[in-house]
Amino acid sequence: MDIGFIGLGTMGSRIAENLVKKGHKVRVWNRSRPPVDALARLGATPVSTAREAFSGDAVFSMLADDAAVHAVIDPLLDGAPKGLVHVNMATISVALARDLAARHRDHGLFYVSATVFGRPELAAAAKLTIVAAGDPGAVAHVQPLFDVIGQRTYPMGTQPERANVVKLAGNFMLGAAVEAMAEASAMASRYGIAPGDFLKVLTEGVFSAPAYVTYGDAIAKERYDPPGFRLSLTLKDLRLALTAADEVTAPMPLADVVYEGLLEATARGDGDRDLAALARVSKRRAGLEEEAPAVSPAASQRREEPSPGEELRA
């Protein structure tokens, strides 16, 4: 297929690379140039504007947040080829997904939400879990591409925002899992039990799912850099999840707890580190770690403004 790809962050670049390796023509665009040049060396076709990528048999986008999607995608809808299938893989709000679906219809375009679960190493190995929702014909049109980049696709119906609901709810569960391991290992540490010993018992026995194993190991080894999934992005996703819950009057008290922990971690300077750094909050609260220095206003501003190509999926 002739595919456009917009947004070449840690996840997007690996997904695009797998499409290139399977022989598809992939036109790539990113706000910063280095990821474009790296993919060009592998056989992708670099383009100088996002509009040049927004055409062909289908176009994928993987952007950081609602603001990035608005900034990049909104100007492209006017004049886009009729019938184009746009696959948005970003973790965005339910409201924006609903709005994008309507505006794509108004412009004669197809909009598919295809959120993904999996860290960068799984994206590189083409083992992502894909949750797709949208027009059945449009989903079927891009299913061969999903088969290239993921290990399984879960259909969630014809309303694109349903895929975003699953993603936001799933990222809440991921944050809750890290919060639970952080609190439990801090308590065990107060009794002289090393986090590695404690989490080995749990992740090799009762909680042997990949998320527990991966994040449990990172917590035990205090491995927070480089980030596989930035803590600040989880904070953003929890904020979106709570907004979605409010819309349908679905109480999520545990989500409030996880959100406050993420907010505290970000305030203490860990927003750009891996989600596993949430464990530092529990350690500080238990008196196991010294307080981190306050964050400068400039650093806070940088964390609140991720670049459009920076989206990292859990």
Side-chain angles (χ1 to χ4, degrees), residues 1-7 9 11-12 15 29 50-51 53-117 128-146 149-150 153-172 233 236-250 308-309 311 313:
M1 291 188 183
D2 178 8
I3 307 160
F5 207 107
I6 296 172
M11 294 291 286
I15 294 170
W29 179 87
R51 183 167 293 281
F54 206 74
S55 63
D57 297 313
V59 58
F60 284 69
S61 62
M62 187 65 147
L63 300 166
D65 53 21
D66 284 27
V69 172
H70 274 303
V72 176
I73 301 300
D74 284 2
L76 305 179
L77 299 183
D78 287 327
K82 301 298 182 184
L84 176 67
V85 178
H86 174 205
V87 180
N88 187 2
M89 309 189 87
T91 303
I92 59 173
S93 68
V94 173
L96 178 56
R98 192 181 291 130
D99 176 65
L100 283 170
R103 288 194 287 127
H104 278 66
R105 282 195 302 271
D106 292 343
H107 286 84
L109 311 173
F110 291 100
Y111 180 78
V112 174
S113 283
T115 58
V116 299
F117 290 98
L128 293 170
T129 295
I130 302 170
V131 182
D135 177 85
V139 174
H141 178 66
V142 294
Q143 185 60 55
L145 303 175
F146 292 159
I149 64 177
T153 302
Y154 291 85
M156 280 295 146
T158 61
Q159 298 171 291
E161 68 267 20
R162 289 168 60 92
N164 296 93
V165 171
V166 172
K167 176 61 176 174
L168 294 175
N171 276 9
F172 152 65
L233 288 176
K236 179 265 293 184
D237 294 348
L238 262 289
R239 187 181 297 118
L240 296 180
L242 287 167
T243 300
D246 286 346
E247 181 181 328
V248 293
T249 321
E311 181 74 318
R313 302 292 27 126

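Nothing here was measured: the structure is a model prediction, and the numbers come from that model.
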Residue of the set T115, T91, D237 for which side chain to side chain donor-acceptor pair (under 3.5 Å) holds with N171: D237
Would you say F110 and R105 make side-chain contact, with heavy atoms under 4.5 Å? no
Where does the angle between the aromatic ring planes of F146 and F60 fall among parallel (under 30°), tilted (30 to 60°) and perpendicular (over 60°)? perpendicular
Could you give the distance from OH (Y111) to CG (L77), rounded to the nearest 0.5 Å? 10.0 Å
CG on L238 to CG on L168, rounded to 0.5 Å: 9.0 Å
Which pair of non-hydrogen atoms, one from K82 and one from H107, has the smallest distance, and what is that distance? NZ-O, 2.9 Å
Check the side chains of N88 and S113 for a donor-acceptor pair under 3.5 angstrom, ignoring hydrogens and angles. no
Do the rings of H104 and H86 sit parallel, tilted or perpendicular, given the 30° and 60° boundaries? parallel
Contact check, side chains of D135 and H141, non-hydrogen atoms, under 4.5 Å: no
Let's go through V131 and F117 carefully: what are the C-alpha distance in whole Å and the side-chain angles of both, what is the deciding distance for side chain to side chain contact (heavy atoms under 4.5 Å, CB included) to 0.1 Å, and is it a yes or a no? CA-CA 8 Å; V131 182; F117 290 98; 4.0 Å; yes
Any I149 side-chain heavy atom under 4.5 Å of V116 side chain: no
Evaluate the criterion side chain to side chain contact (heavy atoms under 4.5 Å, CB included) for residue pair V59 and I3; output intermediate values, then yes/no. CA-CA 5 Å; V59 58; I3 307 160; 6.0 Å; no
CG/L76 to CD1/I6 distance, rounded to the nearest 0.5 angstrom? 5.5 Å
Determine whether L145 and Q143 make a side-chain contact, defined as any pair of heavy atoms from C-beta on separated by less than 4.5 Å. no
Where do L109 and F54 come nearest, in terms of heavy atoms and distance? CD1-CE2, 4.3 Å
Atom pair CE/CD1 of M156 and I130 - distance to nearest 0.5 Å: 13.0 Å
Test: E247 and R98 ion pair at under 4.0 Å: yes
Evaluate the side-chain proximity of I73 to S61: yes if any heavy-atom separation is below 4.5 Å, no if none is. yes
Take V85 and V112, measure what side chain to side chain contact (heavy atoms under 4.5 Å, CB included) needs, and give me the verdict at the end. CA-CA 7 Å; V85 178; V112 174; 4.1 Å; yes
Starting at CG of D66, measure out to CG of L96 and round the result to the nearest 0.5 Å. 4.5 Å
Residue pair A90 / V69: nearest heavy atoms and the distance that separates them: CB-CG2, 4.3 Å
Answer yes or no: is there a donor N or O on one side and an acceptor on the other, between the side chain of K167 and the main chain of I92, under 3.5 Å? no
Heavy-atom pair of closest approach, residues V87 and A114: CG1-CB, 3.6 Å
Closest non-hydrogen atoms of D78 and R51, given as atom of the first, atom of the second and distance, are O-NH1, 3.0 Å
Nearest heavy-atom neighbours spanning A133 and V139: C-CG2, 4.4 Å
From S93 OG over to N164 CG, what is the distance, rounded to the nearest 0.5 angstrom? 8.0 Å
